[in-house]
Amino acid sequence: MNIFYNMKGVGDVLLVQLTTTTFEEVETQSKGDITLIKDSKTGEVAAFNVFNASNHLELKEQGSVEVTKEIVATLQLLINNSELDLILEVDFTPKFVVGYVLSKEQHPNADKLNICKVDVVEETLQIVCGAPNVEVGQKVVVAKVGAVMPSGLVIRDAELRGIASSGMICSAKELALPDAPTEKGILVLDQSAEIGSAFKA
């Protein structure tokens, strides 16, 4: 789940994204202050909007809103009170984690891309990376699928030049870290960083 709120740009509307999947055709269902956005074919709810959001939640953020158990509980209550059929199942595990580069292979269809296998403890991710400094044995920052970058970009499962990629190995600039170098390259962490732990700038 990703939540966005921009009073100046959008108005008093909370935008809640439930999946990173893009549907070809969508339909809406509205009751009260809630509008569900569904896949027309399957009925799966991709997102929903909460209108008059400030009447229901105390929102200080502009842009990406931290997903907490309290916010999810409030949203579920709003949905239930609107008599809409939607159960919120939320993954609260961190989306920015320390990863360990297990392998690196040249992309068969792109000279400047590499296919990396990255251990994040609970799984090994295949990530296509274009950074010139990525190497086996490094500890790096991985933005997992569903992560929202400081730029607002949502990380999705992707296919780059025919190769599947799940997540992104991040640079200091992409993480909006202060004094980030301008040259291209991922952020390489100290070897003392714990693999699978949440990355905090």
Side-chain angles (χ1 to χ4, degrees), residues 1-24 26 28 33-39 44-54 56-72 74-75 78 86 88-99 113 116 118 120 125-131 134 140-161 164-187 189 198-201:
M1 174 188 283
N2 295 308
I3 304 177
F4 305 92
Y5 183 73
N6 186 336
M7 182 68 171
K8 292 181 180 179
V10 179
D12 193 15
V13 184
L14 195 71
L15 310 174
V16 184
Q17 180 188 44
L18 299 178
T19 177
T20 57
T21 303
T22 302
F23 299 130
E24 292 182 6
V26 297
T28 61
D33 284 339
I34 307 285
T35 295
L36 303 183
I37 301 165
K38 302 179 176 183
D39 181 354
E44 179 184 354
V45 179
F48 64 92
N49 298 336
V50 180
F51 294 91
N52 303 307
S54 60
H56 307 291
L57 294 157
E58 186 177 341
L59 297 163
K60 297 177 181 178
E61 299 101 323
Q62 292 293 317
S64 181
V65 176
E66 181 183 0
V67 180
T68 65
K69 292 181 179 179
E70 291 75 19
I71 285 179
V72 172
T74 299
L75 292 175
L78 280 172
L86 177 63
L88 300 178
E89 297 178 356
V90 182
D91 176 11
F92 287 102
T93 60
K95 295 295 180 284
F96 292 90
V97 298
V98 176
L113 296 178
C116 300
V118 185
V120 294
L125 301 173
Q126 177 171 287
I127 300 175
V128 177
C129 179
V134 64
V140 297
V141 180
V142 174
K144 298 168 67 177
V145 170
V148 181
M149 302 301 294
S151 65
L153 173 72
V154 178
I155 302 301
R156 307 172 188 271
D157 281 314
E159 193 172 284
L160 300 174
R161 298 286 185 92
S165 183
S166 297
M168 183 170 76
I169 302 175
C170 303
S171 69
K173 185 177 180 181
E174 288 163 335
L175 294 167
L177 299 182
D179 302 318
T182 54
E183 62 270 15
K184 288 185 177 181
I186 57 166
L187 175 64
L189 302 175
F199 173 77
K200 296 181 180 179

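No hydrogens, no waters, no symmetry mates; every other heavy atom, side chains included, goes into these values. Computed from a prediction, not measured in an experiment: that's the story for all the values here.
Evaluated for a side chain to side chain contact (heavy atoms under 4.5 Å, CB included) with Ser165, the options Ile127, Ile155, Leu125 yield exactly one hit, Ile127.
Nearest heavy-atom pair, Val142 versus Gly99, reported as atom, atom and distance to 0.1 Å: CG2-CA, 4.0 Å. Heavy-atom minimum distance, Glu66 versus Ile71: O-CD1, 3.4 Å. Residues Ile3 and Met1 share a closest heavy-atom pair of CD1-SD, 3.9 Å. Across all non-hydrogen atoms, the minimal contact from Thr68 to Phe92 is C-CE2, 3.7 Å. Pairing each heavy atom of Thr74 with each of His56, the nearest pair is CG2-O, 3.7 Å. A pairwise comparison of heavy atoms in Ala164 and Val128 identifies O-CG2, 4.0 Å as the closest pair.
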Next item on the list: For side chain to side chain contact (heavy atoms under 4.5 Å, CB included), just list the numbers for Phe48 and Leu78, CA-CA rounded to whole Å, side-chain angles, deciding distance to a tenth of an Å, and then say yes or no.
Entry: CA-CA 12 Å; Phe48 64 92; Leu78 280 172; over 6 Å; no
Margin query: As a quick check of understanding, evaluate side chain to side chain contact (heavy atoms under 4.5 Å, CB included) for Val141 and Leu175, giving each step before the final call.
Written below: CA-CA 9 Å; Val141 180; Leu175 294 167; 3.9 Å; yes
Next item on the list: Kindly indicate, with the supporting measurements, whether the criterion side chain to side chain contact (heavy atoms under 4.5 Å, CB included) is fulfilled by Leu18 and Leu86.
Entry: CA-CA 11 Å; Leu18 299 178; Leu86 177 63; 4.2 Å; yes
Check: What do the steps show when you test Ile34 against Val50 for side chain to side chain contact (heavy atoms under 4.5 Å, CB included), and what is the final call?
Finding: CA-CA 5 Å; Ile34 307 285; Val50 180; 3.7 Å; yes
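Shown here are the side-chain contact (heavy atoms from CB on, under 4.5 Å) partners of Arg156, two or more places apart in sequence or in another chain: Gln17, Thr20, Thr22. Shown here are the side-chain contact (heavy atoms from CB on, under 4.5 Å) partners of Ala131, two or more places apart in sequence or in another chain: Cys129, Asn133, Ile186.
At least one donor-acceptor pair under 3.5 Å links the side chain of Asn2 to the backbone N or O of Gly146. A donor-acceptor contact shorter than 3.5 Å links the side chain of Asp12 to the backbone of Ser54. Judged by distance alone, the side chain of Glu174 and the main-chain N or O of Met149 form no donor-acceptor pair under 3.5 Å.
From Lys8, atom NZ reaches atom OH of Tyr5 across 12.0 Å, with rounding to the nearest 0.5 Å. One finds the NZ atom of Lys173 at 14.5 Å from the CG atom of Leu187 (value rounded to the nearest 0.5 Å).
Residues Val10 and Phe4 are not in side-chain contact: their nearest non-hydrogen atoms beyond the backbone lie 4.5 Å or more apart. Leu14 is listed as a side-chain neighbour of Leu75, based on a closest heavy-atom distance under 4.5 Å. Leu15 places a side-chain heavy atom less than 4.5 Å from the side chain of Val13.
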